[in-house]
Participant: 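What follows is a structure written as structure tokens; I'll ask about it next.
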Amino acid sequence: MKRKILFLGVVISIILLVGGVFFWWLKSNDTNRQKSGLEEVIKNVNVNNGDEVLNNKVEPNPEVLALRQEKYYIPEFEDRYLAYRVAREDWSWTQVVTYVNASRDKERYIDVAGVDFSKDVRVLIGKYHYLGTYEPDDLVELSSTYNAGSTPYLRREAAENFMKMADAARLEGLVLKNVSGYRSYATQEWLYNNYVARDGELLADTYSSKPGYSEHQAGLATDINSVDESFKYTNEYAWLQEHAVEYGFIMRYPEGLEEITGFSYEPWHYRYIGVEDALKMKAEGITFDEYYAYYIAR
């Protein structure tokens, strides 16, 4: 009887020992799996951020390092830069940064934001920034000395500087007159619909804004002397190219940069942004879309 009890005790002890070892193995194996999974997650996170985990060390991705060296690189836009580059492997990072900073990775008139009115005269308005039915509350009417069109209004600061600019040009025998200033939402709607009826929406979108998206509606844009491309051959145009920034005006839609601005070349369309920013933008040699993203919006 004692032998049976002793034998039974030994069997139970062996079972408990084997069970304990087996439980320890299961727990250890599960821990290893969790550790492996965690390492994979960390690796994926780092790869998504442009880095790779090698031998438990984070090694910078050379391509992303090159991106971060771009002059107008904006850290908050990094995911957009990387996504935009996917289908454009032959593009330089400079091209990618330029296009993304100008919102060209977005769908025009669809992926839009409201205009940031806190920027005052430096606001960005266009196919990705919506004014709604905004009306300026400080419009000034230009006299016939400075106006030759049916829309003679500009916001006060823009109007005052336009008159100073026109006075300075007049001293050199040149005439600068506004032919199209502030346009209401309704006026822009009427114009745009007429252009669409005449040329179709696709073509109209290259030279006209939908209502609520026009710089003219902000009272900060002026078409000077003409709305014909021949204006670029005039002495007035040459003078504006050299001196407009001294009065806070920039030519908003330069030639050859249509893909960045989203509009066809308009040598007559000038936008008021203030003297300091106009001078700096000219020195940088970039469009207002790029300048706004890097120097104003941030």
Side-chain angles (χ1 to χ4, degrees), residues 31-116 118-119 122-130 205-206 213 250 252-265 271 273 276-298:
T31 299
N32 288 334
R33 284 198 302 271
Q34 290 178 0
K35 183 178 179 182
S36 176
L38 180 60
E39 289 175 347
E40 185 63 26
V41 170
I42 293 173
K43 179 177 180 180
N44 287 337
V45 169
N46 281 286
V47 167
N48 288 337
N49 286 322
D51 302 321
E52 295 179 358
V53 176
L54 300 174
N55 298 324
N56 296 321
K57 293 182 180 179
V58 176
E59 298 291 339
N61 183 310
E63 277 291 293
V64 177
L65 280 181
L67 164 62
R68 293 170 182 170
Q69 296 304 308
E70 286 294 319
K71 180 177 180 180
Y72 298 109
Y73 165 82
I74 299 173
E76 296 81 3
F77 289 1
E78 184 167 294
D79 288 344
R80 290 171 59 190
Y81 298 140
L82 295 173
Y84 199 62
R85 179 74 180 281
V86 169
R88 300 165 181 81
E89 294 181 356
D90 58 330
W91 281 34
S92 68
W93 280 124
T94 299
Q95 288 175 289
V96 170
V97 168
T98 296
Y99 275 62
V100 171
N101 287 2
S103 297
R104 299 294 284 174
D105 60 323
K106 298 180 179 181
E107 188 172 354
R108 66 185 185 186
Y109 296 130
I110 300 296
D111 190 2
V112 301
V115 167
D116 183 357
S118 71
K119 307 305 182 186
R122 306 190 304 162
V123 293
L124 180 63
I125 305 150
K127 295 176 180 179
Y128 309 99
H129 297 85
Y130 183 54
D205 279 347
T206 66
Y213 295 89
I250 58 169
R252 183 65 175 89
Y253 306 123
E255 189 171 19
L257 296 175
E258 293 85 354
E259 283 298 312
I260 306 302
T261 65
F263 285 92
S264 57
Y265 172 47
R271 161 69 195 278
I273 64 171
E276 182 180 347
D277 286 292
L279 288 169
K280 186 174 181 179
M281 196 189 106
K282 183 177 181 180
E284 295 285 324
I286 57 179
T287 64
F288 184 58
D289 305 84
E290 301 164 76
Y291 183 87
Y292 180 89
Y294 192 79
Y295 288 110
I296 299 177
R298 300 170 72 196

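Positions are given from 1 along the sequence.
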Participant: Which heavy atom of Ser103 sits nearest to which heavy atom of His129, and what is that distance?
Facilitator: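 Heavy-atom minimum between the residues: OG-CE1, 4.3 Å.
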
Participant: Answer yes or no on whether Arg85 is positioned over the face of Trp91, meaning its NZ or CZ is under 6.0 Å from the six-membered ring centre and within 45° of the axis.
Facilitator: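 No, cation not above the ring by the 6.0 Å, 45° rule.
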
Participant: Would you check if Arg68 and Val64 make a side-chain contact, meaning some heavy-atom pair closer than 4.5 Å?
Facilitator: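 Touching, per the 4.5 Å side-chain cut-off.
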
Participant: OH/Tyr128 to CG/Asp105 distance, rounded to the nearest 0.5 angstrom?
Facilitator: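 These two atoms lie 8.0 Å from each other.
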
Participant: Side chains of Glu78 and Tyr73: do they bring a donor and an acceptor to under 3.5 Å?
Facilitator: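 Their side chains do contain a donor-acceptor pair, which is all the 3.5 Å distance test asks for.
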
Participant: Is the closest side-chain heavy-atom distance between Arg88 and Tyr99 below 4.5 Å?
Facilitator: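 They are not in side-chain contact.
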
Participant: Can you measure from CD (Gln95) to CD (Glu70) and round to the nearest 0.5 angstrom?
Facilitator: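 Atom-to-atom, Gln95:CD and Glu70:CD are 10.0 Å apart.
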
Participant: Which heavy atom in Phe77 sits nearest to a heavy atom in Ala293, and how many Å separate them?
Facilitator: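 Distance-wise, the nearest heavy atoms are CE2-CB, 4.5 Å.
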
Participant: According to the interplanar angle, ranging from 0 to 90°, do the rings of Phe288 and Tyr291 count as parallel (below 30°), tilted (30 to 60°) or perpendicular (above 60°)?
Facilitator: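 Rings of Phe288 and Tyr291: parallel, as their planes differ by under 30°.
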
Participant: CH2/Trp93 to OH/Tyr81 distance, rounded to the nearest 0.5 angstrom?
Facilitator: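 One finds 10.0 Å between CH2 of Trp93 and OH of Tyr81.
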
Participant: Only pairs at least two apart or in different chains count here, so list each salt bridge (Lys or Arg N to Asp or Glu O under 4.0 Å) that has a residue in residues 287-298.
Facilitator: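 Of all non-adjacent pairs touching residues 287-298, those that pass salt bridge (Lys or Arg N to Asp or Glu O under 4.0 Å) are Arg252-Asp289.
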
Participant: Output the distance between atom CG (Leu67) and atom OG1 (Thr94), rounded to the nearest 0.5 Å.
Facilitator: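 Answer rounded to 0.5 Å: 9.5 Å.
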
Participant: Less than 4.5 Å apart, any side-chain heavy atom of Tyr294 and any of Ile286?
Facilitator: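 Not in contact.
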
Participant: Side chains of Glu284 and Tyr72: is there a donor and an acceptor less than 3.5 Å apart?
Facilitator: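 Yes, side-chain donor-acceptor contact under 3.5 Å.
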
Participant: Any salt bridge linking Glu276 with Arg122? Criterion: basic side-chain nitrogen under 4.0 Å from a carboxylate oxygen.
Facilitator: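 Result for this pair is no, no salt bridge flagged.
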
Participant: Can you measure from CD1 (Ile273) to CD1 (Ile296) and round to the nearest 0.5 angstrom?
Facilitator: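 So the gap between those two atoms works out to 6.0 Å.
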
Participant: Heavy atoms only: give me the nearest Asp111-Lys106 pair and the separation to one decimal.
Facilitator: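 Distance-wise, the nearest heavy atoms are OD2-CG, 3.3 Å.
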
Participant: Give the minimum heavy-atom separation between Thr261 and Thr287, together with the two atoms involved.
Facilitator: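 For Thr261 versus Thr287, the nearest heavy atoms are CG2-CG2, 4.0 Å.
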
Participant: For Arg80 and Val100, work out which heavy atoms get closest and say how close.
Facilitator: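 Of all heavy-atom pairs spanning Arg80 and Val100, the closest is NH2-O, 3.2 Å.
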
Participant: Taking atom OG1 of Thr206 and atom OH of Tyr265, what is their separation to the nearest 0.5 Å?
Facilitator: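 Reported value, rounded in 0.5 Å steps: 15.5 Å.
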
